[in-house]
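These notes concern the structure reproduced below.
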Amino acid sequence: MDAPISRVGVLGGTFDPVHTGHLAAASEVCAELGLDQVLLTPANSQPFKIGFDAAPPEHRLEMCRLAADEDDRFAVSAVDIERGGVTYTVDTLTDLREQRPGTEFFFITGADALARLDEWKDAERLGKLATFVGVTRAGHSLVPSNRPHILVEVPALAISSTDVRRRVRARRPIRYLVPRPVADYIALNGLYYGGIDD
Ligand code: ATP
Ligand code: MG
């Protein structure tokens, strides 16, 4: 039997699509904090992105699976997509703790998301459910947060899902910005090629 997993990172996001910036951040935090695993947890619908059409959850989930398949330290949790509705981190962490008793959770969030932590649902409770880990993000300055967190500096990769989507629409290359199976999946399913985007 596998040894019990005790220190688990959770990287929440829309992952529309997952890209190398996400994976490099997850990898660095995993090494720095000696985590056993990092879970990519795609949101069903993001409270800060209401009114914006993300790719369907099944596609975002599948792309996360393809990315996680390439690294033994990574796995995917569909907990937010299965719950449905608007995704709040307080629910993500409550459900994960219920599924994995005895696990210590580390919630990983980029500099841009960390800046808005006070606006998150049940912000006071979040710190009791997981240790928060802020990661540096190219193009985003770290604003001081009064929420306790660990700060991890990660290799600066100026990649965003927004830029990847724009590139696909403009028929510009995304190779090396997303894992190869993810690029193939986008092409095969015709994701991001047309339509309205920000
Ligand atoms: P979008 O442009 O659609 O908002 P995104 O690239 O910001 O996409 P998200 O799914 O919103 O990706 O991000 C999930 C988490 O990963 C957030 O905490 C975000 O700050 C972090 N993150 C995303 N890209 C990077 C990066 N290049 N370096 C460090 N952290 C990142
Ligand atoms: Mg974002």
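Ligands are counted one by one from 1 in listed order, and the atoms in each one are counted from 1 as well. Computation of the quantities below employed the complete heavy-atom set of this structure, encompassing side-chain atoms and omitting hydrogens, waters and symmetry-equivalent molecules.
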Legend entry - N or O contact, G110 vs ligand 1, cut-off under 3.5 Å: yes
Inset, instruction - For L157, counting its heavy atoms only, list the atoms of ligand 1 lying under 4.0 Å from any of them. - result: 27 (N)
Legend entry - Atom indices of ligand 1, in the order listed, that fall short of 4.0 Å to a heavy atom of S160: 2 (O), 6 (O)
Legend entry - T136 touching ligand 1 at heavy-atom level, < 4.0 angstrom: yes
Legend entry - Between NE2 on residue H19 and CG on residue L157, distance to nearest 0.5 Å: 9.0 Å
Inset, instruction - Ignoring hydrogens and angles, tell me if any N or O in the side chain of S77 forms a donor-acceptor pair with the backbone of V79 under 3.5 Å. - result: yes
Inset, instruction - Just jot down the ligand 1 atoms closer than 4.0 angstrom to any heavy atom of F15, in number order. - result: 10 (O)
Inset, instruction - Assess P42 for proximity to ligand 1: is some non-hydrogen atom of it under 4.0 Å away? - result: no
Legend entry - Enumerated ligand 1 atoms positioned under 4.0 Å from heavy atoms of G12: 14 (C), 15 (C)
Legend entry - Atom pair CD/CG of E82 and N44 - distance to nearest 0.5 Å: 10.5 Å
Legend entry - Nitrogen or oxygen atoms of V154 and ligand 1 under 3.5 Å apart: no
Legend entry - Proximity flag R165 to ligand 1, non-hydrogen atoms under 4.0 Å: yes
Legend entry - From H22, R60, R137, H19 - option closest to atom 13 (O) of ligand 1 by heavy atom: H22
Inset, instruction - List every atom of ligand 1 that sits less than 4.0 Å from any heavy atom of T109, numbering the atoms from 1 in the order shown and giving each element. - result: 18 (O)
Inset, instruction - Determine the minimum heavy-atom distance between L33 and I150, stating which atoms define it. - result: CD2-CG2, 4.2 Å
Legend entry - L39 vs L96 side-chain heavy atoms within contact, under 4.5 Å: yes
Inset, instruction - Select one of side chain, backbone, both or neither to describe which atoms of I159 lie under 4.0 Å from any atom of ligand 1, heavy atoms only. - result: backbone
Legend entry - Heteroatom distance test (G13, ligand 1): nitrogen or oxygen, under 3.5 angstrom: no
Legend entry - From A54, S161, C64 - option closest to atom 6 (O) of ligand 1 by heavy atom: S161
Legend entry - Interatomic distance, D91 atom CG to D80 atom CG [nearest 0.5 angstrom]: 8.0 Å
Legend entry - G21 backbone acceptor or donor facing R137 side chain under 3.5 Å: no
Inset, instruction - Decide if the gap between the ring center of F107 and the ring center of H149 is smaller than 6.0 angstrom. - result: no
Inset, instruction - Measure across F132 and L126 and return the closest heavy-atom pair with its distance rounded to 0.1 Å. - result: CE1-O, 3.5 Å
Inset, instruction - Determine whether the side chain, the backbone, both or neither of T162 has a heavy atom under 4.0 Å from any heavy atom of ligand 1. - result: both
Legend entry - Gap separating the CZ atom of R171 from the OH atom of Y193, nearest 0.5 angstrom: 6.5 Å
Legend entry - Element-labelled atoms of ligand 1 that are located less than 4.0 Å from some non-hydrogen atom of D112: 19 (C), 20 (O)
